[in-house]
Structures are given as C-alpha cells and as structure tokens.
Number of protein chains: 2
Amino acid sequence: MSNILEIAKLAHVSCSTVSRALNGRKGVSDAIRAKIVKLAQDLDYYPDSSARALVSKRVGVIGLIIPRTSEYTFTSPYYSHILLGISAVVTERGYQVMLVINERKSYAAFYHRRMVDGILVVGNHVDDKKIWPLTESGIPSVVVPGFIDDSPRNPLSVNSENYDSNYQAVSHLIELGHRRIAFILGYPNSKYSVERIIAYQDALRDHGLEYRVEYTPYSDFSVADGFRVMGNLLDLPKAPTAVLCLNDSISIGALDQIKSRNLRIPEELSVVVTCASDMLAHYDPPLSTIKVPVVSVGKAAASALIEMIETGSAPREIPKIPSTFTIRKSTGPCPRPE
Amino acid sequence: MSNILEIAKLAHVSCSTVSRALNGRKGVSDAIRAKIVKLAQDLDYYPDSSARALVSKRVGVIGLIIPRTSEYTFTSPYYSHILLGISAVVTERGYQVMLVINERKSYAAFYHRRMVDGILVVGNHVDDKKIWPLTESGIPSVVVPGFIDDSPRNPLSVNSENYDSNYQAVSHLIELGHRRIAFILGYPNSKYSVERIIAYQDALRDHGLEYRVEYTPYSDFSVADGFRVMGNLLDLPKAPTAVLCLNDSISIGALDQIKSRNLRIPEELSVVVTCASDMLAHYDPPLSTIKVPVVSVGKAAASALIEMIETGSAPREIPKIPSTFTIRKSTGPCPRPE
DNA sequence: CCGTGTAACGCAAACGTTTGCGTTGGGGGT
DNA sequence: ACCCCCAACGCAAACGTTTGCGTTACACGG
C-alpha cells in the first residue's frame with residue numbers, strides 16, 4: 001500500500017536513501033537505516049516487484065517447463081523429486097518459480113517478455129525444436145535430466161551418473177551365477193534408458209555373456225506397464241532368473257507381477273530395482289537397489305541455471321551426480337544354473 | 001529488444017497509438033494497425049511485463065500454494081489432476097502460474113509485492129493461521145479442495161460433492177447383503193474424509209445397521225498405508241466382507257493386499273474404489289467406482305479465482321462438482337450372510 | 001591551515017508501458 | 001452554411017523503483 005516515497009518523507013530522507021537502506025547497500029548510516037527499516041515494518045511496506053524489475057532488468061523468477069503437464073510427470077516419483085531439489089535451491093537463492101504451462105507460445109517468449117530470468121526444462125523427452133531457440137537466443141537455460149544427444153545446439157544439461165551403478169549391479173548378478181538377466185527399460189529414446197542399457201551390455205560382454213534382446217523390453221515407465229512387461233518376461237520359454245527395473249514405477253509393477261505369481265525373492269528370482277524415491281524402502285525382502293540421487297540432480301540443475309543468470313556465463317563443468325548400487329536381500333544365487 | 005517507442009518512430013505515430021493497436025483497442029485505423037502489427041512482428045517485439053504491470057496494476061499471474069511441496073502432493077493422482085484442471089483454465093484465460101514455494105514468508109506477501117493477482121491454495125490440510133490473513137487483507141483467494149470448517153474467516157473454497165455418491169455406494173453394498181462393510185479413510189481432519197464418513201454412517205443407520213469403528217481405519221492416503229491397513233482389516237476376527245477405499249493410492253495398496261492373499265473379487269470380498277485418475281480403469285475385474293471429477297474441481301477453482309480477480313467480488317455460489325457411483329464387477333452378494 | 005579522501009546523502013534520469021484528456025479533421029444532420 | 005459529434009491520434013503524466021553522479025561535511029595527515 002505504501003511506497004518508498006512515503007517512507008522517505010516520514011524519515012526525512014530521499015527515496016534513494018530508503019532504497020539503499022532497505023536493500024542492505026552501503027552509503028547509509030546505521031541510525032537512519034534502523035529508522036527506515038522500522039518505518040517500513042510499521043507501514044507494512046512491500047517493494048513492488050514490477051517497478052524493481054523494470055529498472056534492474058531482473059525479475060527474480062525462473063521458468064519451469066514441464067513438457068507434459070500431464071498425469072505422468074506430476075505423478076512420477078522421479079520428476080517430483082527433481083522438483084523438490086529445484087524448489088530447495090530456488091528458495092534458498094531468493095528466486096521464485098513460474099510454471100510455463102502455456103505451450104502454444106514458444107518457451108523463449110517468456111524470457112523476452114521479461115517474465116523470467118532463465119528457463120529450466122524438466123524432462124528428457126522434449127521436442128528439440130522448441131529447445132534450440134533457447135540457446136540460439138542466448139537465454140540462460142538448463143535441461144534436466146540430461147539430454148539425448150550432445151549437439152552444440154542444446155542447452156546445458158544436468159544428469160545423474162547412470163553407467164557405473166548399472167554395470168556394478170549386472171556384474172553382481174553375473175557373479176551370483178545368473179545367465180538370464182532381464183532389464184525392463186523405459187522409452188527407447190530416453191537418455192536415461194540408453195546409458196543404462198549400454199552399461200548392461202558392457203557388463204555382459206566383459207563377462208563373456210551374450211546379449212539377448214528379448215530380455216530388455218521397453219515400457220512406458222508406468223506401474224501398469226511394469227506389471228505387463230514383467231508378465232511377458234516370466235512367460236518366456238526361457239524365463240530370466242534375475243531382473244533389473246529402470247525406475248520406481250516399473251519396479252512397483254514388476255514386483256506386483258512377481259507377487260501375484262507367488263514367486264519367492266530371491267530364491268526363485270533375483271530383483272534389482274532402481275529408486276529415486278523411498279517408496280520401496282520397506283519392502284519385504286529388503287531390495288538390492290540402484291539409488292539415484294534425484295533430489296541432488298534437481299539441485300545441481302537449479303544451481304547451474306542461477307549461476308548462468310547471475311554471472312552471464314555457463315559454468316565450466318556440471319558434475320555428474322553419482323548413483324549408488326547397494327546389495328540387500330533381493331538378490332541371491334541363481335536357482336537353476338545351466 | 002525493441003520497445004514501443006521504436007515501433008512508434010518507424011510507423012510515424014505516437015507510442016500511445018502503438019499501445020492501442022497492439023492491445024486490440026479501438027481508436028486506431030485499420031491501415032495503421034496493420035502496419036504496427038507487422039512492424040512488431042518484424043522487430044521481434046515483446047511487451048515488457050514489468051512495465052505493463054507497473055501501470056496497469058495487474059500482472060496476469062496467479063500464485064499456486066501447495067502447502068507440502070513434498071513427495072506426497074506432487075505424486076498424488078488426486079492433486080496432479082487438480083493441477084491439470086487449474087492449468088487448463090489458467091492457460092485459457094491468459095494467466096500464468098507461479099509456484100509459491102517459499103513458505104518462510106507469508107502467503108500474502110506475494111500479493112503485496114505484486115507478484116501475483118490472486119492466490120490459489122491447493123490442499124485441504126493447510127495451516128489455518130497462514131490462510132486467514134488472505135481473506136483479512138481482501139486478497140482474491142480460493143482454497144481447493146474444500147476446507148475443514150466453514151469459518152467466515154476462510155476464503156472461498158471449491159470441492160466435489162462427496163456425500164451422495166458415498167451414500168449410494170454403501171447402500172448398494174448393504175442391498176447386496178453385506179453387513180460388515182469397511183471404509184479405509186485418510187487423515188482424520190481432512191474434509192475429504194469427514195463428508196464421506198458421515199455418508200457412510202448415515203447409510204448404515206438408515207438401513208438399521210450399527211456403526212463399528214474398527215471398520216473405518218485411518219491411513220495416510222498412501223499406497224503403502226493402504227496395503228498395511230487392508231491387511232489389518234483382513235486380520236480382524238470378523239473380517240469385513242466389503243470394503244471402500246477413499247482415494248486412488250489407498251485403493252491400489254488395498255488391492256495389492258487382497259491380491260497377495262489370493263482373495264477373489266467379488267466372490268470372497270467386494271470392493272468399491274474411489275478414483276480421481278483412471279489408473280485403475282483396466283483392472284481385472286472391472287471395479288465398482290466412485291468417480292471424483294477432480295479435473296473439474298481444479299477448473300472450477302481457477303475460474304472462481306479469476307472471476308474474483310477480474311470483477312473484484314466473490315462469485316455468488318460455487319457449484320459442487322458431482323461425483324458418480326458406478327456399479328461394475330467388483331461388488332457382489334455377501335459370501336457369508338449372518 | 002590546507003589539501004585530500006571518503007562516508008553519507010540528495011537529485012533526477014531512466015526503465016517501458018498505459019491511459020485520461022486534448023486536439024484535429026471530416027462527415028452528417030438541420 | 002452552420003453546428004455537432006465522433007473517430008483517430010498525440011501529449012504527457014503516472015506507475016515505483018534503482019542508480020550514476022554530484023554535493024556536502026567531516027576526519028585525517030602533512
């Protein structure tokens with residue numbers, strides 16, 4: 001309701017002094033600063049964001065693009081944890097988050113209209129043609145998680161390390177004697193899937209095993225599809241003796257399928273799940289898990305974007321957030337060695 | 001990059017004419033309007049939101065408060081569908097959505113700083129003390145879904161109709177001969193739970209049945225807790241012959257529990273699920289369902305808020321969005337009549 | 001006592017847009 | 001021919017803040 005000029009009059013100073021005092025800049029004595037701060041408190045003063053943005057050219061808002069504002073993205077534990085990480089950093093750095101849900105216009109328009117200082121794209125199955133204009137216009141922008149190819153036209157991207165942990169998990173199963181190891185994947189073009197399938201293939205090859213495509217079915221990342229695909233695997237003439245699941249939802253669906261057939265874990269079937277959340281933390285038996293630190297990924301992405309905004313240049317290197325493979329009780333010796 | 005003045009010079013008109021032309025107001029001839037529009041296109045002109053907001057006092061943004069920016073809210077099908085409805089309306093009406101995730105400051109501060117034109121509170125387990133200042137300051141605000149009590153201090157709220165559909169479902173089960181009917185609830189203080197439990201109690205009473213508290217356990221709304229609570233119910237000395245579940249997640253957990261015990265639906269146990277999403281649409285057998293039109297709830301809330309913003313007064317009456325009870329194959333005659 | 005540096009503060013422009021009011025010109029009614 | 005009205009357009013203030021620059025006053029060293 002009140003503005004800077006009003007405070008200035010009551011404090012018998014100029015409005016520039018009020019601005020400096022309230023923004024914590026130097027050039028104002030402690031006594032006057034205290035008086036101004038108290039006055040602002042009493043008058044219930046709030047700075048007008050629009051006026052501030054108009055002159056300072058910064059609005060303190062980052063745009064969050066969730067390409068599919070659909071059931072899937074909001075519902076997915078993976079994405080909701082990324083959002084948690086983003087929220088934490090953004091709040092800490094004093095920014096706000098604007099959801100960019102109006103996809104009819106280009107993403108860049110939100111920057112050009114000065115509604116946001118930078119853009120954070122969440123989701124790796126994004127239409128490249130809507131992404132490229134961001135880098136071409138020099139708009140501070142980060143894509144998380146990762147990106148499919150490393151074209152120079154793509155913005156900076158942040159991802160977890162996906163190769164090592166998967167390699168370890170597959171090696172672990174092989175060392176337990178398993179030869180028929182399945183891996184339920186997600187969408188074919190997801191970088192998330194690609195890195196892991198390569199690790200899987202490498203581990204097989206390094207141990208002298210053959211890669212068989214029928215053991216690496218795709219899914220749509222959902223619980224229902226995890227259930228369906230797991231059923232297909234178990235119906236194979238040579239059903240796998242061990243299975244890895246790519247994400248939380250697939251894991252839940254697959255475990256449901258296994259439970260519905262009364263197969264014992266790990267006596268009859270070994271299971272390794274990939275977890276972003278801790279929804280499966282209390283499963284019986286405790287699950288051997290590839291834990292993906294998704295919250296950290298979100299934090300790293302937000303940090304990188306804010307650094308781009310504030311320094312005007314891209315960070316040197318984005319650290320890959322390491323995943324960790326932990327052996328628990330859901331993986332055991334192969335029941336029927338060949 | 002370019003501004004209104006630049007366009008004005010090139011078009012040999014004043015900047016007020018440019019403003020009127022671009023905003024579709026009358027008072028500018030067709031010829032000049034066309035020239036200005038083309039010029040704006042060529043110059044890649046975007047209006048500066050800050051400057052516009054500064055003078056017009058409207059920013060075209062609504063603040064979205066999700067009290068728990070936690071795993072729960074983002075993950076829940078219920079809330080994600082509300083967000084879908086909100087998104088649709090907000091986009092259609094030309095607004096943007098800002099996530100209010102900085103809970104350290106009061107919600108009202110976002111309005112006073114003119115970052116938002118109104119505030120939409122999503123979630124009914126909200127701290128009242130953070131809500132009240134909204135109405136007291138006359139800030140356009142809507143709470144969805146519903147609110148616990150009808151204190152005049154509370155803002156406008158939007159909810160689905162919850163009583164009738166639940167009454168019908170319970171009556172349906174009673175008419176099938178069931179006498180031991182369980183109802184897995186959510187948090188005790190959720191309005192969502194309260195209305196439904198009253199309908200449940202009324203239906204029992206109207207049919208001369210006794211209400212037994214051990215059949216109406218609380219849960220935390222999650223899949224895991226649905227699983228746990230369903231297990232407790234089935235372990236009762238007098239286990240129920242029919243069960244209702246309050247939301248999607250509880251339903252999934254409860255169905256998992258039933259499946260893990262190999263109980264046949266509906267021969268051994270009748271089930272009625274409450275659905276906001278269609279995650280359970282293809283379940284076998286097809287489920288008797290209380291369908292809650294959550295997307296519509298979100299739409300109604302957003303519409304009401306925008307009306308408050310634009311007219312300055314609260315809408316007369318918010319329609320209750322009706323839920324519908326549909327009988328399918330998961331409810332059958334009571335297996336062991338008493 | 002003088003010169004110099006510095007902290008504290010005021011002045012006023014600038015940011016880009018909207019909008020009330022004033023002016024102009026031309027057309028239509030009497 | 002006169003008056004009046006309205007459409008089309010310009011002028012300039014206003015929105016609230018930030019900030020570069022100028023001014024003042026005071027301390028301090030020489």
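Naming: A, B, ... by sequence-line order, numbering from 1 per chain.
Within 6.0 Å of CD in A/Glu136 there are more than 12 heavy atoms belonging to other residues, nucleotides or ligands.
Note on B/Lys57: only backbone sugar-phosphate atoms sit closer than 4.0 angstrom, heavy atoms only; bases stay farther off. Within the 4.0 angstrom heavy-atom criterion, only backbone atoms of the sugar-phosphate kind lie near B/Ser29; the bases stay farther away.
At a threshold of 4.5 Å between non-hydrogen side-chain atoms, the residues B/Ile62 and B/Ile309 count as touching. The side-chain heavy atoms of B/Leu10 and B/Leu43, taken from C-beta on, include a pair separated by under 4.5 Å. Side-chain contact between B/Ile131 and B/Pro155 is present, with heavy atoms from C-beta onward closer than 4.5 Å. Between A/Val61 and B/Met115, the closest side-chain pair of non-hydrogen atoms falls below 4.5 Å. In this structure, A/Ile139 and A/Tyr107 have side chains that are not in contact, with every pair of non-hydrogen atoms separated by 4.5 Å or more.
For the pair A/Arg25 CZ and C/dC9 P, the computed distance is 16 Å after rounding to whole Å.
With a heavy-atom cut-off of 4.0 Å to chain A, the contacted part of DNA chain D has its first and last nucleotide at D/dG16 to D/dG20.
When each of B/Asp30 and A/Val18 is assigned the nucleotide of DNA chain D bearing its nearest heavy atom, the one mapping closer to the 5' terminus is B/Asp30. The residue among B/Tyr45 and B/Arg20 whose nearest nucleotide of DNA chain C is located toward the 5' end is B/Tyr45. Mapping B/Ser16 and A/Arg52 onto DNA chain D via the closest heavy atom, the residue that lands nearer the 5' end is B/Ser16.
A salt bridge links B/Asp42 and B/Lys38; the closest N-O separation between the charged side-chain nitrogens and carboxylate oxygens is under 4.0 Å.
Summary of helix geometry: the two end axes of the helix from C/dC1-D/dG30 to C/dT30-D/dA1, each defined by five base pairs via their C1' atoms, are inclined to each other by 40° (rounded to 10°).
Residue pairs meeting the ring pair (Phe, Tyr, Trp, His ring centres under 6.0 Å) criterion with at least one member in residues 14-47 of chain A, sequence neighbours excluded, are A/Tyr46-B/His112.
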